[in-house]
Each structure stands twice: as C-alpha cells, then as structure tokens.
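Read the structure below first, then the notes.
The structure displayed is predicted, hence computed values, not measured ones.
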Amino acid sequence: MRKFKRSLKEGEGVTEAIYSSGYGSISRVYGEATRNIGMTPKTYRAGGKGEIIHYACRETALGHMIMAATDKGVCSVQFGDNQDSLLTLIFDEFPEAQLVLSAAQDAPELDNWMLALDQHISQGAPRPDVPLDIRGTAFQIKVWQFLLSIKEGDVMSYSEVAEHIDSPKAVRAVGTACGKNPVGILIPCHRVLRSDGSLGGYRWGLERKRTLLDMERALLPKSASKS
C-alpha cells in the first residue's frame, strides 16, 4: 500500500500503480485497502465531515461540468444544464465537508485535470489518467475498474460486463453500478449498452451518452470504424 500511494504521488496511472506495487488484481486493492487511500466509509456517510473538497465548473461540449477533488484525488465529476444544479449536487453529496472553490494557487491539479478532461470531450485528446478518490461497494468498484478497460469506440452490453467480472447473473447489479458512477467519463460507463444495442440508461442523460459515443466513433481510424 505504501508503494501504491507513492506511485500515485509520482504520477503513475492508477491501474499501473496497482500492479507495479505487487497486487495480483485490481479488486485486492479496492476490496482490502482502498479505504485507507481516501475518504473512509464512515466519513462519507457523515457527509464528508472533516474533508476539504475543492471544486470548479467549466463549460464543455456536453454542457456544464463540475469536478470535485479531495487531497487524494477526484471524487466527483457531474454534468448538468446549469452551474447552480451542479453545485446543489456537490453540496448534497458532501453536506458536512468544507467545500472550496478551486483557485489555481490552491489546487492547480484540479484546474489542470478539468482542462484535460474538457480537451478530451471537446477535442478528442486522450482521457486524462488522474487519481480517483471514489467510494462504493466492493462490487461497484469491481465494475468501475473493469469499465476502464473498454477502449474508446468500443462498447459492451451489461451482460458482457457481468460475464467479464465473473458475475454472469449480476446484469441488473452491473446496470446499477454504472448508474452510480461518481466520476463521469473518467470511468466510461457510457460505453455500456443494452444487449439489443439500445443505449440503456445514463446518469447524465441519454443525449449526452449518445453524443459521447458518436464523438468517440468519429475519432476512430476509418479502417477500425468500418470493422
């Protein structure tokens, strides 16, 4: 765990840090020790009491985006039609935390992460690999980590995701985990569809899901998009 934390501080990607630190699987980190990385379940249940969370808003091709982060990593990325509704979401999720509007001198990482994610959405730049401070059940974390392996332009069905995480009967639970994804796009739950190819659900609206998938397909090389 010490090596894992050090790797993250040195800028290594989350998945790479997990394996280079000696863990045999992603689920071992999140199933056993991730509670020591960021906000504990008790603190989360208390509305983030004692936590300092920086946040900032930005206009993107998907509308308004808000990103919030603890000193451990990004804890929330939300999309909405206006800034006021997004602020309400953050304040409702962390009512007891000290919420601080990000300023470059206080949280330069957050501003850089927001710019990188905006460029990913608007210009097709690579999705930023930023540290995450997210909370969920062991099953949800397992689903979210698997979603990171789905490449841009590819899609999977909820049942395929369930099979890949060795829980073939948990299709509904996979859908629920996708719906509770706290960090939009950074965990690409928009790449999961129904078995019939229809969009299914999306926490931030089906129009945004459709837009994301269309943009990712448009960025594929022509040979790949034809196949």
Test item: L87 and Y55 side chains (from C-beta on) under 4.5 Å apart, heavy atoms: yes
Would you say F139 and V174 make side-chain contact, with heavy atoms under 4.5 Å? yes
With a 4.5 Å limit on heavy-atom distance, are the side chains of L62 and W204 in contact? no
Any chance you could measure F91, atom CZ, to E96, atom CD, to the nearest 0.5 Å? 12.0 Å
What's the separation between atom OG in S167 and atom CZ in F146, rounded to the nearest 0.5 Å? 11.5 Å
Do the non-hydrogen side-chain atoms of I187 and L148 ever get within less than 4.5 Å of each other? yes
For side-chain contact (heavy atoms from CB on, under 4.5 Å), just list the numbers for M215 and I121, CA-CA rounded to whole Å, side-chain angles, deciding distance to a tenth of an Å, and then say yes or no. CA-CA 8 Å; M215 287 193 300; I121 297 169; 4.1 Å; yes
Tell me the closest heavy-atom pair linking V192 and S157, and the distance in Å. CG1-C, 3.8 Å
Side-chain ion pair, D81 and R208, N-O less than 4.0 Å: yes
Using 0.5 Å steps for rounding, measure from the CD1 atom of I66 to the OG atom of S102. 11.0 Å
Is there a donor-acceptor pair under 3.5 Å between the side chain of S122 and the backbone N or O of D118? yes
I'd like to know whether M156 forms a side-chain contact (heavy atoms from CB on, under 4.5 Å) with L193, so could you lay out the CA-CA distance, the side-chain angles of the two residues, the decisive distance to 0.1 Å, and finally the verdict. CA-CA 6 Å; M156 280 191 178; L193 311 176; over 6 Å; no
Could you give the distance from OG1 (T137) to NZ (K180), rounded to the nearest 0.5 Å? 9.5 Å
What is the minimum heavy-atom distance between R127 and P188, and which atoms define it? NH1-CG, 3.8 Å
CG/L199 to CZ/R210 distance, rounded to the nearest 0.5 angstrom? 5.0 Å
For the student: nearest non-hydrogen atoms of A69 and W113, plus distance: CB-CZ3, 4.1 Å
Between E216 and R191 (salt bridge meaning N to carboxylate O under 4.0 Å), is one present in this structure? yes
Beyond-backbone contact of V77 with I185, side-chain heavy atoms, under 4.5 angstrom: no
Decide side-chain hydrogen bond (donor to acceptor under 3.5 Å, both in side chains) for D92 and T88; before the verdict, give the C-alpha distance in whole Å, the side-chain angles of both, and the deciding distance to 0.1 Å. CA-CA 6 Å; D92 286 347; T88 298; 5.7 Å; no
Can you tell me how far CG of L147 sits from NE2 of H164, rounded to the nearest 0.5 angstrom? 12.0 Å
Note: E93 and S76 closest approach over all heavy atoms is OE1-OG, 3.7 Å
Any C178 side-chain heavy atom under 4.5 Å of Y202 side chain: no
Any donor-acceptor pair under 3.5 Å linking the side-chain atoms of D214 with those of T211? no
Could you go step by step and tell me if L110 and M67 meet the side-chain contact (heavy atoms from CB on, under 4.5 Å) rule? CA-CA 8 Å; L110 181 58; M67 180 183 288; 3.4 Å; yes
Kindly indicate, with the supporting measurements, whether the criterion side-chain contact (heavy atoms from CB on, under 4.5 Å) is fulfilled by W144 and V183. CA-CA 10 Å; W144 297 338; V183 287; over 6 Å; no
Ignoring hydrogens, what is the shortest heavy-atom contact between L101 and A56? Give both atom names and the distance. CD1-CA, 4.4 Å
Indicate whether the side chain of D133 and that of T70 have a donor and an acceptor atom separated by less than 3.5 Å. yes
Within a strict 4.5 Å, meaning less than it, do heavy atoms of the D129 and L186 side chains meet? no
Distance-only, no hydrogens or angles: does the T176 side chain make a donor-acceptor pair with backbone N or O of R172 under 3.5 Å? yes
side-chain hydrogen bond (donor to acceptor under 3.5 Å, both in side chains) test vs H64 passes for just one of Q78, E59, R58, namely E59
Grouping I, L, V, M, F, W and Y whenever their side-chain heavy atoms are under 4.5 Å apart, do M65 and L206 come out in a common cluster? yes
By side-chain contact (heavy atoms from CB on, under 4.5 Å), D71 pairs with (sequence neighbours left out) none
Tell me whether S85 contacts the main-chain N or O of N82 through its side chain, where contact means a donor paired with an acceptor under 3.5 Å. yes
Contact between H120 and E152 at the side-chain level, heavy atoms closer than 4.5 Å - yes or no? yes
Looking only at heavy atoms, which two atoms of C75 and I134 are closest? And how far apart? O-CG2, 4.4 Å
